[in-house]
*Asks:* 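Structure provided below as C-alpha cells; questions to follow.
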Number of protein chains: 2
Amino acid sequence: MYTNILRGREGTGVAEAEKKISYQRAVMGLRERILTGALAVGDRVSEVALARDLGVSRTPLREAMSELVEQGLLEKMPTGGCMVRSLTRADVEDGIELRGTLEGLACRLAAERGVSGDRLAACDALLDRIDVALGRSAENTDFELYMDLNAQFHHALAQLGGSAVVLRELERVTNMPMAGPSAFLQGQAVIPQTLRSLLVAQDHHRSIVDAIRQREGARAEALAREHARLALRNLNFFLGEGARHSARIPGIALMADVGTRGVG
Amino acid sequence: MYTNILRGREGTGVAEAEKKISYQRAVMGLRERILTGALAVGDRVSEVALARDLGVSRTPLREAMSELVEQGLLEKMPTGGCMVRSLTRADVEDGIELRGTLEGLACRLAAERGVSGDRLAACDALLDRIDVALGRSAENTDFELYMDLNAQFHHALAQLGGSAVVLRELERVTNMPMAGPSAFLQGQAVIPQTLRSLLVAQDHHRSIVDAIRQREGARAEALAREHARLALRNLNFFLGEGARHSARIPGIALMADVGTRGVG
DNA sequence: CTGAGGATGTTTGTATACATTAATTTTCAT
DNA sequence: ATGAAAATTAATGTATACAAACATCCTCAG
C-alpha cells in the first residue's frame, strides 16, 4: 500500500490494472508522465492526444486533469486547458515547511487530546521495524523497506491527531511533488550523505512519540517541524553537490529555477 | 469581490450571471443549495435531477460536484455518486484550528522573511477602514462593511507570507464551511455577544501587523492562532445560548451532532 | 412466513458528437 | 516588409447517447 509514488495500489498483474476504471488509469498515467518528465514543464496538455495515448476518453481524462490540478502537478491556463506546472525551489521549500507545520499540528493535537496506549504501541512497533530496516551499518540498510515504513509511520502520526480535517489536508500536502516525507527516498536514491540523516530522522521519530506520550504538545509540535526540515537539507543536497543523483527523484523534472529566494 | 459567500463575484445584473459558463453556475448553485439546506445532510445528490434544476448538463455538474467534494461540502459515496456531507462539531472546530495554524504560518513567514513597507502600509490602511466600520458604538457599526474588510485583511495577511503554496491552502481552508474568518459574520448575524469580540479581533489585527513589522515571528504566529480561536467562541455561542440566531449562519445546516469530543 | 434468486428499473461512469472559444495563418493595406 | 484584420483551423467546454453497475422489487422455493 505504501510502495511507490508511481505504481498505484493495484495488484501485481497488469491484467488487473487494465480492469481499473478509466478515471484511475488516467490519473496514474498522467501523473507518471508528468513526474518522469515525459510531459515537459510548460507543455500544454492536449486532451485529445493524451486521451488517445492513455486509452481513455476525454471525459475521465478531464476529471483526472482536475485532480492533478488539485495536487499541484498541473495548472489551469487562463485561456482554458492545462499545462504542466513549473515548480520553483521556493514552492518545494514552502511545501516542505507546510508539511512540517501540519504534522506539527497533528502531533500537538495528539499530545493535547491524548492518544490511547494501543495506538502509541503501534507507533513504537513501527519504529522498531524501522530500526531493523536501518540495520547495523550502511551496507545492511534496507532502503526500500525504510521508505515503506517511514511512510506508514508518518501516516500513523497524522492519524494520531484524531482530526479527519487535519488528516485530509496532510494527505493533500503529502501528494504535492517533493513535499512528502518519502520524497527523497524514492528510487533507491539514498546515498551516504542522505543516509546519515536517516539516523537523525529516526531519533526524531522516537522523540515525537515520546513527547506525545508525555502530553508535551509544544515539544511534539516543534519536533515535527524540525523533522520535516530534514527534507530541506536533502533538497539542497540534490539541487547542489548531489545534482548528478537527482534524476531519480520523482518530480524534480518539474523544477525550473535553481536560484534562491530574495528577502523582500 | 469580497461580498457574500453565496453570491459569487458576478456583476449586478442577472443577465450577466446567465452568461457565466455552466461549470461556475453549477458550482455556485450547488453550493447555495447545500449551504442553505435546500439539500439536506445525507441526501444523495441525483445528477439528472440537479442538472435539470440548475439548467446545465451532467458534465459540468459532475465537475462542480468534484469541486465541492474538494471543498468538503460533499463526500463521495463508496458505491458511487455523492451525498451532502455531515459536519460534526469536531470537524468545524478542527477547521478553525487548522485555519489558525495556517494563518500563523503565513504570519510567521512574513515576519521572518520580511515584508515591504508598502504592503504593511496597505494593511494599516485596511485596519483604519475597519476602525471606521466599527464606528464609535454598537449602533454605528457597519457590519456588512466590517465583514468585507475583514475578509480583505485576512486575504492580505495570507499574501504577506510570500508563499503561493501557503496562500493556496489557506484559500482552501477558508472555503471550508464555517472555517473562514467571516463565517460568523454572514447575513448580519452579528448580535451584542459577538459584537464585543469584533473589538478584540481588531486589536489582534493591529498586534499581528505590528509583530510582522518588528520581525517577531513567534509572536505573529501565536497571535494569528489565538485570533482564529475567536471563531471557536462564536461557534460555541451559536451552538449554545445563541442557537435561535444560528439559522443565518451559512453552512450550519450541515452540522449533525451537538455533542462534545471525547478524549481518547 | 422467510429468505434467496432473479428480473427490472434507476443511476452513475464513459464515450462521442456538437458548439463555442482560442490560436493560427493568410491576406491585404500601409 | 510589416502590421492588422479576417478567415480558417484546432482546441476546449458542453450536451447527449450509450453501457455498466447498483438498487429495488417481485417471485418462488423451502
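As the structure is a prediction and not an experimental result, all values here were calculated from the model. To find a chain, count down the sequence lines: A is the first, B the second, and so on, and within it residues start at 1.
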*Asks:* In whole angstroms, how far is the P atom of C:dG13 from the CE atom of B:M77?
*Replies:* 11 Å

*Asks:* Round to a whole Å and report the spacing from CD1 of B:I21 to C1' of C:dA22.
*Replies:* 14 Å

*Asks:* Between B:M83 (CE) and C:dT11 (P), how many Å, whole number?
*Replies:* 17 Å

*Asks:* Without swapping roles, check the side chain of A:R33 against the backbone of A:L50 for a donor-acceptor pair under 3.5 Å.
*Replies:* no

*Asks:* From NZ of B:K76 over to C1' of C:dG13, roughly how many Å is that when rounded to an integer?
*Replies:* 12 Å

*Asks:* Under the 3.5 angstrom rule, does the side chain of B:R99 hit a backbone N or O of B:V173 as a donor-acceptor pair?
*Replies:* no

*Asks:* Tell me: CZ of A:R25 to P of C:dG13, nearest whole Å?
*Replies:* 16 Å

*Asks:* In residues 53-62 of chain B, which ones come under 4.0 Å of DNA chain D, going by heavy atoms?
*Replies:* B:V56, B:S57, B:R58, B:T59, B:P60

*Asks:* Under a 3.5 Å distance rule, please check whether A:D91 uses its side chain to pair with a backbone N or O of A:T88 as donor and acceptor.
*Replies:* yes

*Asks:* Using whole Å, report how far CD of B:E63 lies from C1' of D:dA15.
*Replies:* 12 Å

*Asks:* Between A:R44 and B:R44, name the one whose nearest nucleotide on DNA chain D is closer to the 5' end.
*Replies:* A:R44

*Asks:* For the pair B:R62 and A:E63, find out whether any cationic side-chain nitrogen is under 4.0 Å from an anionic carboxylate oxygen.
*Replies:* yes

*Asks:* Report yes if at least one side-chain N or O of B:T79 is closer than 4.0 Å to OP1 or OP2 of D:dA23; otherwise report no.
*Replies:* yes

*Asks:* Is there side-chain contact between A:L160 and A:R119, with at least one heavy-atom pair below 4.5 Å?
*Replies:* yes

*Asks:* Write down the distance between CZ (B:R52) and P (D:dT14), rounded to a whole number of angstrom.
*Replies:* 20 Å

*Asks:* Would you call B:E70 and B:R172 a salt bridge, taking side-chain N to carboxylate O under 4.0 Å as the test?
*Replies:* yes

*Asks:* What is the distance, to the nearest angstrom, from the OH atom on B:Y23 to the C1' atom on C:dT21?
*Replies:* 18 Å

